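Small disclaimer: the values here were computed from a predicted structure and weren't measured.
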Amino acid sequence: MSKALRPKNAVIYGLLAPGLIIFAICCIMPLFVAVYNSFFDWNGGPEKTFIGLQNYAELIGDKAFWSAFMNNLTFIFWTVLGQIGIAFIIAMLLQSRILKFKNLHRTVIFFPVVLSAVVVGFLWRIMYNSEYGIVNTVMRGLGLERYIQLWLDNPGIVIGSLAVPKVWQFIGYYLIILLAAIQGIDQSVLEVAELDGATGWKKSWYIVMPLIKNTLMVTVMLCISGNMKTFDQIFVMTGGGPGTSSEVVALYAYNVSMNRMRYGYGSTVAIGILILSLLLILISKIVGRKKEEEA
């Protein structure tokens with residue numbers, strides 16, 4: 001039996017090998033290189049000066065890094081709330097009997113996911129333009145001039161303005177995940193709930209959400225990890241401005257490495273991003289477990 005299985009195992013490993021090799025080269029090796037470089041004072045030239053943990057000590061006291069991290073936390077808050085919250089509402093609507101053309105709605109909502117973040121950034125930068133952007137134009141047409149803003153030039157609202165395109169782009173991604181989880185619920189449970197009067201938001205809150213809580217936790221962790229490393233969209237739309245009010249940690253790492261030519265410290269910032277991302281995911285997992293135990 002074992003001899004008969006060996007050729008099959010060889011085929012499986014052979015099929016997995018190319019993907020694993022690409023993953024190792026593109027993800028695992030750069031991580032080890034970044035860890036190695038973080039112990040050096042290096043400006044990109046042929047000479048490196050070993051300085052041990054000095055870069056990490058500097059990172060802990062770096063106010064600019066922690067300011068960028070706070071911007072990240074604000075950005076993550078709005079994107080998690082928007083992406084998962086709106087995706088859940090739409091998923092429930094797609095499961096209702098009222099909504100028609102459900103396949104069309106799924107396709108249209110998922111379409112932005114396939115777009116490049118750079119394309120989305122340029123598109124929304126045009127939409128936010130104070131003179132000819134569609135956002136302010138619509139507000140003028142509706143007589144809401146008092147709500148018109150310099151969306152990307154106001155430090156108080158720039159993070160929220162940047163979160164909107166991110167939410168718009170990835171609602172479809174989380175919609176597919178949540179829709180698959182909801183469709184996996186035994187329909188008889190939902191039918192009995194409706195007969196007992198649990199309709200609308202009551203069915204969503206008391207029946208559906210507890211049954212897909214594990215999927216919700218996975219989507220939250222995916223959302224945190226994805227938005228923690230956001231870079232390209234913010235780079236295109238604001239470049240971290242005005243000032244540093246929209247500078248996130250990934251953009252800070254880029255500026256340190258490419259603009260200041262401190263590749264060693266830039267690698268340290270990258271490792272800091274990884275550690276903080278893992279901590280945020282761990283905290284969200286612990287909070288989810290506590291709520292599950294309380295329930």
Side-chain angles (χ1 to χ4, degrees), residues 17-76 79 115-122 124-125 152-153 155 158-159 162-163 165-166 169 222 224-281:
L20 292 174
I21 292 171
I22 293 173
F23 178 77
I25 293 174
C26 296
C27 298
I28 304 300
M29 287 181 61
L31 176 61
F32 283 104
V33 171
V35 171
Y36 174 77
N37 289 335
S38 68
F39 296 109
F40 291 86
D41 180 14
W42 181 41
N43 61 3
E47 295 183 0
K48 294 181 180 180
T49 304
F50 180 78
I51 56 175
L53 298 175
Q54 288 184 29
N55 281 332
Y56 289 94
E58 181 181 350
L59 183 68
I60 293 173
D62 190 344
K63 293 181 179 179
F65 172 77
W66 293 111
S67 175
F69 177 61
M70 293 306 298
N71 289 337
N72 252 116
L73 290 181
T74 306
F75 188 79
I76 288 171
T79 50
L115 297 177
S116 166
V118 174
V119 172
V120 172
F122 276 119
W124 278 84
R125 191 173 70 176
L152 300 179
D153 297 319
V158 65
I159 291 294
L162 291 170
K166 199 75 171 182
Q169 183 179 10
L222 288 173
I224 291 173
S225 61
N227 290 302
M228 188 66 186
K229 60 184 178 64
T230 188
F231 167 79
D232 34 17
Q233 177 193 309
I234 296 178
F235 180 79
V236 167
M237 294 183 70
T238 66
T244 58
S245 57
S246 65
E247 186 178 54
V248 291
V249 285
L251 187 56
Y252 180 68
Y254 171 84
N255 289 331
V256 167
S257 300
M258 301 301 173
N259 296 334
R260 304 180 194 174
M261 303 296 288
R262 296 189 62 192
Y263 292 105
Y265 187 61
S267 298
T268 308
V269 174
I271 300 303
I273 296 172
L274 174 63
I275 294 171
L276 291 173
S277 299
L278 293 175
L279 285 175
L280 287 175
I281 292 172

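Within 6.0 Å of atom NZ in Lys229, 12 or fewer heavy atoms from other residues, nucleotides or ligands are found, so the atom counts as exposed in its surroundings.
The minimum heavy-atom distance linking Leu222 with Ser225 is given by the pair O-OG, 3.0 Å. Residues Met237 and Gly121 share a closest heavy-atom pair of CG-O, 3.3 Å. Taking every heavy atom of both residues into account, Thr268 and Leu59 meet most closely at O-CD2, 3.7 Å. Considering every non-hydrogen atom in both Val158 and Pro242, the closest pair reads CG2-CD, 4.3 Å. Heavy atoms only, all atoms of each residue included: Ala253 and Ile273 are closest at CB-CD1, 4.3 Å. Asn72 approaches Met228 most closely through the heavy-atom pair ND2-O, 3.4 Å.
Between Phe39 and Asn55 there is no side-chain heavy-atom pair separated by less than 4.5 Å. Considering only heavy atoms from C-beta on, Phe32 comes within 4.5 Å of Ile28 through its side chain. By the 4.5 Å heavy-atom criterion applied to side chains, Val33 and Tyr36 are not counted as neighbours. Contact of the Ile224 side chain with the Ser277 side chain is not registered, since no non-hydrogen atoms from C-beta on lie closer than 4.5 Å. Proximity of Phe40 to Thr49: side-chain heavy atoms (C-beta onward) are nowhere separated by under 4.5 Å. Between Gln233 and Val118, every side-chain heavy-atom pair lies at or beyond the 4.5 Å cut-off.
For Arg260 (side chain) and Asn255 (main-chain N/O), no donor-acceptor pair under 3.5 Å exists by modelled atom type. Between the side chain of Ser267 and the backbone N or O of Ser38, no donor-acceptor pair lies under 3.5 Å. When atom types are taken as modelled, the side chain of Trp124 and the backbone of Val119 share no donor-acceptor pair closer than 3.5 angstrom.
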Quick one, Met261 with Trp42, criterion side-chain contact (heavy atoms from CB on, under 4.5 Å). Give me CA distance, side-chain angles, the key distance, then yes/no.
CA-CA 8 Å; Met261 303 296 288; Trp42 181 41; over 6 Å; no
One pair to check against side-chain hydrogen bond (donor to acceptor under 3.5 Å, both in side chains): Asn227 and Thr79. What are the steps and the verdict?
CA-CA 8 Å; Asn227 290 302; Thr79 50; 3.1 Å; yes
Check the pair Leu280, Leu73 against side-chain contact (heavy atoms from CB on, under 4.5 Å), reporting the backbone distance first and the verdict last.
CA-CA 10 Å; Leu280 287 175; Leu73 290 181; 3.9 Å; yes
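Classification of the Phe65-Tyr252 ring pair by plane angle, with boundaries at 30° and 60°, yields tilted.
Atom NZ in Lys166 sits 5.5 Å away from atom CZ in Phe75 (nearest 0.5 Å). The line from CZ of Arg262 to OG of Ser257 is 9.5 Å long, rounded to the nearest 0.5 Å. Within the model, atoms CD of Glu247 and CG of Asn71 stand 8.0 Å from one another, a figure rounded to the nearest 0.5 Å. Here the OG1-CG distance, from Thr230 to Leu162, works out to 8.5 Å after rounding to the nearest 0.5 Å. With rounding to the nearest 0.5 angstrom, the CD1 atom of Ile281 is 11.0 Å from the CG atom of Leu276. Separation of atoms CG (Leu31) and CG (Leu274) is listed at 6.0 Å; rounding is to 0.5 Å.
Residues Gln54 and Asp41 bring no donor and acceptor atom of their side chains to less than 3.5 Å of each other. Inspection of the Asn259 and Tyr254 side chains reveals no N or O donor paired with an N or O acceptor under 3.5 Å.
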